[in-house]
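These notes concern the structure reproduced below.
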Amino acid sequence: MTSPVLVEPHEGWRRITLNRPDKLNAFTVELHEALAAALDEAAADESCRAVLLTGSGRAFCAGQDLEAIGDDPAGVKTLLTDHYNPLVRRIRALGKPVVCAVNGVAAGAGANVALACDIVLAGRRAKFIQAFAKIGLVPDSGGTWFLPRLVGEARARALALTGEPVSAEQAESWGMIWRAVDDDTLMAEAERLTAHLATQPTVALGLIKQAFGASAANTLDAQLDLEAELQLAACRTPDFAEGVAAFTAKRRAVFTGRP
Ligand code: LHQ
């Protein structure tokens with residue numbers, strides 16, 4: 001049987017590909033389980049310092065597989081509590097950057113899983129669709145949290161209520177994603193970015209994720225305190241010493257990513 005998730009190791013990073021192209025990489029429990037295992041392995045492997053998430057075929061992900069949903073409302077909630085919510089939490093808690101290459105349509109939970117990633121690149125043919133209301137559902141997988149923060153409440157509400165698609169270029173100009181790029185250069189650009197991040201001070205990058213993760217719920221006072229705490233942790237890493245030494249010697253820093 002073809003694996004619903006492909007993992008391809010590279011020097012310092014790995015590519016994780018959602019792999020149900022005939023169903024536009026829609027989520028099943030099997031896909032969730034394979035993705036959770038792939039992310040946990042990436043987290044545990046010290047030699048992996050960045051992750052690239054993408055989809056195979058013409059789509060990134062069409063959200064929940066609607067043929068595998070069942071008709072028990074309690075089962076729907078369990079899918080969220082047992083699979084989607086842990087997935088979003090895993091991506092946010094991963095102590096290394098996650099780049100998402102949105103290679104085609106990202107609909108429903110597929111769109112929101114993309115938005116959970118740290119840096120999102122999208123090919124120009126990609127679209128982001130809050131498809132939920134079209135089938136009588138509410139946005140999940142963090143959509144009602146990510147969207148207003150990324151694009152403002154007016155756009156977030158309209159997108160969720162209408163289910164209108166957002167093009168990659170519109171998403172970039174609204175600040176929903178980092179960059180829209182040509183489809184035929186998407187993967188090379190995403191790989192270059194991920195490979196670059198994999199050479200950077202990994203512990204500090206993980207702490208940066210932590211700081212942004214906390215900032216939405218923090219007061220400025222609390223965030224200032226947190227920054228001081230995280231800075232202390234960062235400056236205890238060998239990469240900080242290396243960064244300063246390299247700056248002083250006017251040479252390129254060689255970071256190990258080690259704590
Ligand atoms: C699919 C799917 C799909 C199965 C395309 N399922 N087969 C969480 C937990 C619990 C409950 C519910 O929800 C959630 C979160 C969610 O994600 S809810 C939102 C679920 N997703 C959607 O509502 C999107 C449904 N898909 C679409 O609207 C379209 O397929 C999009 C706009 C994504 C792409 O349109 P097209 O490019 O025209 O492709 P297509 O519709 O022809 O799809 C190609 C094939 O993929 C087709 O299969 P077939 O055997 O006919 O070739 C579709 O049936 C299949 N497919 N999405 N979510």
Side-chain angles (χ1 to χ4, degrees), residues 1-6 16-36 39 53-92 98 100-117 120-148 150-151 156-171 176-177 180 183-184 186:
M1 205 185 89
T2 323
S3 172
V5 166
L6 305 175
I16 299 179
T17 305
L18 310 179
N19 187 40
R20 300 187 67 229
D22 295 348
K23 296 293 173 192
L24 307 188
N25 305 316
F27 280 107
T28 56
V29 167
E30 293 70 34
L31 191 154
H32 270 296
E33 285 172 349
L35 181 55
L39 289 168
L53 180 66
T54 191
S56 65
R58 69 176 176 91
F60 171 66
C61 175
Q64 169 64 31
D65 187 321
L66 295 173
E67 288 164 15
I69 207 168
D71 49 15
D72 174 13
V76 168
K77 184 170 181 219
T78 305
L79 277 175
L80 292 177
T81 54
D82 287 5
H83 298 289
Y84 288 92
N85 294 354
L87 168 59
V88 171
R89 290 186 175 118
R90 254 190 190 88
I91 292 170
R92 302 298 272 202
V98 181
C100 187
V102 182
N103 53 303
V105 67
N112 295 334
V113 166
L115 298 182
C117 295
V120 186
L121 299 178
R124 292 192 203 284
R125 78 182 151 93
K127 283 189 201 120
F128 296 82
I129 311 176
Q130 295 295 319
F132 307 88
K134 287 185 180 291
I135 55 168
L137 290 178
V138 299
D140 58 28
S141 307
T144 58
W145 195 90
F146 296 126
L147 271 181
L150 291 168
V151 301
R157 281 183 187 245
L159 292 178
L161 291 168
T162 65
E164 263 189 37
V166 179
S167 68
E169 282 178 11
Q170 185 71 86
M176 191 196 286
I177 63 168
D183 295 303
D184 52 4
L186 170 69

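These numbers come from a predicted model, not from an experiment. The residues of the chain are indexed from 1 along the displayed sequence. In listed order, ligands and their atoms are each counted from 1.
- When each atom of ligand 1 is checked for a heavy atom of Asp140 under 4.0 Å away, the hits are 8 (C), 13 (O), 14 (C), 15 (C).
- Panel note: side chain Arg92, backbone Ala116; a donor-acceptor pair is recorded below 3.5 Å.
- Taking every heavy atom of Leu80 and a limit of under 4.0 angstrom, the matching atoms of ligand 1 come to 8 (C), 9 (C).
- Between the Arg20 side chain and the Pro4 main chain, no donor and acceptor come within less than 3.5 Å of each other.
- Short contacts between ligand 1 and Ile69, defined as distances under 4.0 Å to a heavy atom of the residue, involve ligand atoms 11 (C), 12 (C).
- When side chains are defined from C-beta on, Leu53 counts as touching Leu35, because their heavy atoms get closer than 4.5 Å.
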*Evaluate side-chain contact (heavy atoms from CB on, under 4.5 Å) for Leu115 paired with Leu150, printing each intermediate quantity in order.*
CA-CA 9 Å; Leu115 298 182; Leu150 291 168; 4.1 Å; yes
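- Remark: distances from the non-hydrogen atoms of Arg58 to ligand 1 include one below 4.0 Å.
- Of the possible donor and acceptor atoms, none in the side chain of Asn112 sits under 3.5 Å from a partner among the backbone N and O of Gly142.
- Within a 4.0 Å radius of atom 51 (O) of ligand 1, the protein contributes no non-hydrogen atoms.
- The presence of a protein heavy atom under 4.0 Å from atom 3 (C) of ligand 1 is confirmed.
- Closest protein heavy atom to atom 21 (N) of ligand 1: Ala62 O, 2.9 Å.
- Among all protein heavy atoms, the one lying closest to atom 10 (C) of ligand 1 is Val76 CG1, 3.5 Å.
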*List the steps, then state whether side-chain contact (heavy atoms from CB on, under 4.5 Å) holds for Val88 with Trp145.*
CA-CA 12 Å; Val88 171; Trp145 195 90; over 6 Å; no
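- Across every non-hydrogen atom of Ile129 and Ala111, the tightest pair is O-CB, 4.0 Å.
- Closest of all the heavy-atom pairs between Ala133 and Leu161 is CB-O, 4.0 Å.
- In this structure, atom 25 (C) of ligand 1 lies nearest to the protein heavy atom Leu66 CD1, 4.2 Å.
- When all heavy atoms of Asn85 and Thr81 are compared, the pair lying nearest together is ND2-CA, 4.1 Å.
- In this structure a side-chain-to-backbone donor-acceptor pair under 3.5 Å is present from Ser167 to Gln170.
- Scanning the protein heavy atoms around atom 58 (N) of ligand 1, the nearest turns out to be Gln64 O, 2.8 Å.
- At least one donor-acceptor pair closer than 3.5 Å links the side chain of Arg125 to the backbone N or O of Asn103.
- Not a single protein heavy atom sits closer than 4.0 Å to atom 41 (O) of ligand 1.
- The shortest heavy-atom contact between Asn25 and Leu31 is O-CD1, 4.0 Å.
- Protein heavy atoms all stay at least 4.0 Å away from atom 47 (C) of ligand 1.
- Within a 4.0 Å radius of atom 54 (O) of ligand 1, the protein contributes no non-hydrogen atoms.
- With a 4.0 Å heavy-atom cut-off, ligand 1 is reached by no atom of Lys127.
- Under the 4.0 Å distance rule, the nearest protein heavy atom to atom 38 (O) of ligand 1 falls outside the cut-off.
- For atom 28 (O) of ligand 1, the nearest protein heavy atom lies 4.0 Å or farther away.
- For atom 16 (C) of ligand 1, the protein comes within 4.0 Å by at least one heavy atom.
- Side chain of Asn19 to backbone of Ser56: no donor-acceptor contact under 3.5 angstrom is found.
- Taking a cut-off of under 4.0 Å to the non-hydrogen atoms of Gly63, the atoms of ligand 1 that pass are 17 (O).
- Set against the non-hydrogen atoms of Ala131, the atoms of ligand 1 under 4.0 Å away are 22 (C), 23 (O).
- Close contacts of ligand 1 with Lys23, meaning ligand atoms under 4.0 Å from a residue heavy atom, involve 7 (N), 46 (O), 48 (O), 50 (O).
- Scanning the protein heavy atoms around atom 32 (C) of ligand 1, the nearest turns out to be Ile129 CD1, 3.8 Å.
- Nearest non-hydrogen protein atom to atom 30 (O) of ligand 1 is Leu24 CD1, 3.8 Å.
- Pairing each heavy atom of Tyr84 with each of Ser141, the nearest pair is CD2-OG, 3.4 Å.
- The contact set between ligand 1 and Asp22, taken as ligand atoms under 4.0 Å from a residue heavy atom, comprises 45 (C), 46 (O).
- Neither the backbone nor the side chain of Phe27 has any atom closer than 4.0 Å to an atom of ligand 1 (non-hydrogen atoms only).
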